[in-house]
Amino acid sequence: MAGSSAEQLLSRIAAGDGHGENSSYFDGWKAYDMNPFDLRHNRDGVIQMGLAENQLSLDLIEQWSVDHPEASICTAQGAPQFRRIANFQDYHGLPEFREAMAKFMGQVRGGKVTFDPDRVVMCGGATGAQDTLAFCLADPGDAYLVPTPYYPAFDRDCCWRSGVKLLPIECHSSNNFTLTREALVSAYDGARRQGVRVRGILITNPSNPLGTTMDRGTLAMLAAFATERRVHLICDEIYAGSVFAKPGFVSIAEVIERGDAPGCNRDLVHIAYSLSKDFGLPGFRVGIVYSYNDDVVACARKMSSFGLVSSQTQHFLAMMLADAEFMARFLAESARRLAARHDRFVAGLREVGIACLPGNAGLFSWMDLRGMLREKTHDAELELWRVIVHRVKLNVSPGTSFHCNEPGWFRVCYANMDDDTMEVALDRIRRFVRQHQHSKAKAERWAATRPLRLSLPRRGATTASHLAISSPLALLSPQSPMVHAS
């Protein structure tokens with residue numbers, strides 16, 4: 001009754017499932033919420049490895065806030081600014097915040113490009129930034145092309161309210177999921193044949209979930225293609241400050257400024273950014289749209305009223321981001337800690353023969369469990385994922401939720417926990433893999449000693465044919481009792 005009433009009372013969008021939360025990506029979070037791991041109080045709980053959050057360097061920001069009480073209007077040192085900050089601010093945001101953000105965006109990109117503070121538009125996190133851009137750039141039914149695998153919540157951020165479609169650009173493990181012009185052209189032409197109008201190309205650089213950076217040549221190719229076909233290029237650079245190894249990060253802004261894509265139409269290029277990942281401050285809800293298109297900036301600024309960042313938050317961050325010396329120390333130390341955590345995690349998996357895609361950025365690894373699948377299908381991947389979540393008790397994210405066309409890949413986040421918790425998680429993975437390897441070897445030995453027996457009915461017999469084959473795959477099913485969580 002409640003469901004039917006909701007359908008009658010709510011809009012079609014509100015009553016539909018366009019929010020995308022019926023994905024396995026979010027189902028794993030629900031398993032964690034029901035039984036969260038705690039190192040002291042619930043060691044048998046689910047460890048959250050599905051949340052891309054950087055908690056490795058929060059102590060540096062905490063210490064900065066203690067050392068700079070004037071950054072808060074709720075302290076004696078900051079109280080003189082209380083009335084100015086607490087009163088109404090226009091949708092442009094505090095001038096000092098936009099100025100500091102523009103300078104920081106240049107700093108995090110190695111000083112190779114400068115940003116105009118008048119093009120900085122605030123939104124409620126990166127989610128708000130993508131929603132705003134979709135509203136500005138496309139009509140309902142239009143499409144973005146997106147390289148696979150891609151961030152699952154794009155299905156919500158770009159589509160739910162705007163009605164934009166996301167169409168995959170198929171990428172493959174054979175070249176480490178590198179985007180090629182051939183794949184881009186194929187996706188574009190395929191959309192056109194279906195009668196779908198392509199309005200943009202959406203990329204994440206550094207990539208979520210791959211943990212890799214896009215090279216200059218690929219970015220130049222994308223900018224040139226966007227100009228040729230007159231479609232927008234939306235670059236989500238939310239992990240720009242989370243690069244910890246070579247090759248370094250190249251921003252689309254740098255490609256444009258350096259002239260790497262001659263004749264590029266700047267009006268078609270837009271950047272989404274946020275402080276949620278690089279600083280581990282998702283609760284601050286600070287997202288940024290930076291566009292080279294004056295009309296997009298004007299429209300996005302009008303939309304800021306739907307997700308304007310708190311003036312207190314702007315005030316605090318303006319002071320912190322303007323502290324260039326602290327920012328330089330933070331970025332260097334954060335990269336060092338991310339590199340150490342990444343290397344430890346990857347090495348721990350390597351001990352049991354599990355590989356990850358070589359990565360140099362982000363807060364996660366793209367883990368290869370193709371060898372553990374019962375069969376090479378998405379259903380088998382989800383079976384394995386359910387075992388990992390509910391029995392091994394690790395919330396990892398299956399590749400299918402990222403629209404990966406190759407079953408067996410999983411995104412595993414490692415920066416949202418302390419060292420001890422990560423060691424517990426690694427130990428669970430290793431024990432699970434060893435159990436699988438032991439059962440597989442046992443099944444193979446058993447099968448090798450059992451001849452294949454094929455019994456067929458005699459001519460005229462009424463009994464059905466009987467095939468007596470014992471398959472090792474049956475023993476390797478994720479439902480097998482050999483799987484244990486502890």
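Keep in mind that what you see is a predicted model, and the values were worked out from it rather than measured. No hydrogens, no waters, no symmetry mates; every other heavy atom, side chains included, goes into these values.
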Any heavy-atom pair between the side chains of [Y] and [X] that's under 4.5 Å?
X      : Y      : answer
Tyr151 : Asp157 : yes
Pro147 : Ile203 : yes
Met422 : Arg341 : yes
Phe37  : Gln48  : no
Leu268 : Val231 : no
Ile388 : Asn395 : no
Val46  : Pro36  : no

If you measure from the Lys or Arg side-chain nitrogens to the Asp or Glu carboxylate oxygens, is any gap between [X] and [Y] under 4.0 Å?
X      : Y      : answer
Lys277 : Glu237 : no
Arg161 : Asp131 : yes
Arg344 : Glu423 : yes
Lys376 : Glu381 : no
Arg329 : Glu333 : no
Arg337 : Asp419 : no

Restricting to non-hydrogen atoms, name the atom on [X] and the atom on [Y] that form the minimum distance, rounded to 0.1 Å.
X      : Y      : result
Trp385 : Val396 : NE1-O, 2.9 Å
Ala31  : Val389 : CB-CG1, 3.5 Å
Pro149 : Pro209 : O-CD, 3.6 Å
Ser365 : Cys356 : CB-SG, 3.9 Å

Compute the centroid of each ring, for [X] and then for [Y], and state whether the two points are separated by less than 6.0 Å.
X      : Y      : answer
Tyr150 : Tyr144 : no
Phe279 : Phe104 : yes
Phe225 : Tyr188 : yes

Describe, in one word, how the ring planes of [X] and [Y] are oriented to each other, choosing from parallel (under 30°), tilted (30 to 60°) and perpendicular (over 60°).
X      : Y      : answer
Phe326 : Phe330 : tilted
Tyr290 : Phe115 : perpendicular
Phe177 : Trp366 : perpendicular
Phe284 : Phe316 : perpendicular

Discussion item. Does the structure place the NZ or CZ of Arg411 under 6.0 Å from the centre of the six-membered ring of Phe364, at an angle of no more than 45° from the ring's axis?
Written reply: yes
Discussion item. Within 45 degrees of the ring normal and closer than 6.0 Å to the centroid, is that where the cationic atom of Arg109 sits relative to Tyr273?
Written reply: yes
Practice prompt. Only counting residues at least two apart or in another chain, list the ones meeting salt bridge (charged side-chain N to carboxylate O under 4.0 Å, His left out) with Glu96.
Written response: Arg84
Discussion item. Please evaluate residues Glu99 and Arg119 with respect to the criterion salt bridge (Lys or Arg N to Asp or Glu O under 4.0 Å), reporting the C-alpha separation (whole Å), side-chain torsions for both, the decisive distance (0.1 Å), and the verdict.
Written reply: CA-CA 10 Å; Glu99 182 73 29; Arg119 293 191 177 279; over 6 Å; no
Worksheet item: Checking side-chain contact (heavy atoms from CB on, under 4.5 Å) against Asp118, which of Val121, Val120, Asp116 comes through?
Response: Asp116
Discussion item. Tell me whether the count of non-hydrogen atoms from other residues, nucleotides or ligands lying under 6.0 Å of CZ in Arg229 goes above 12.
Written reply: yes
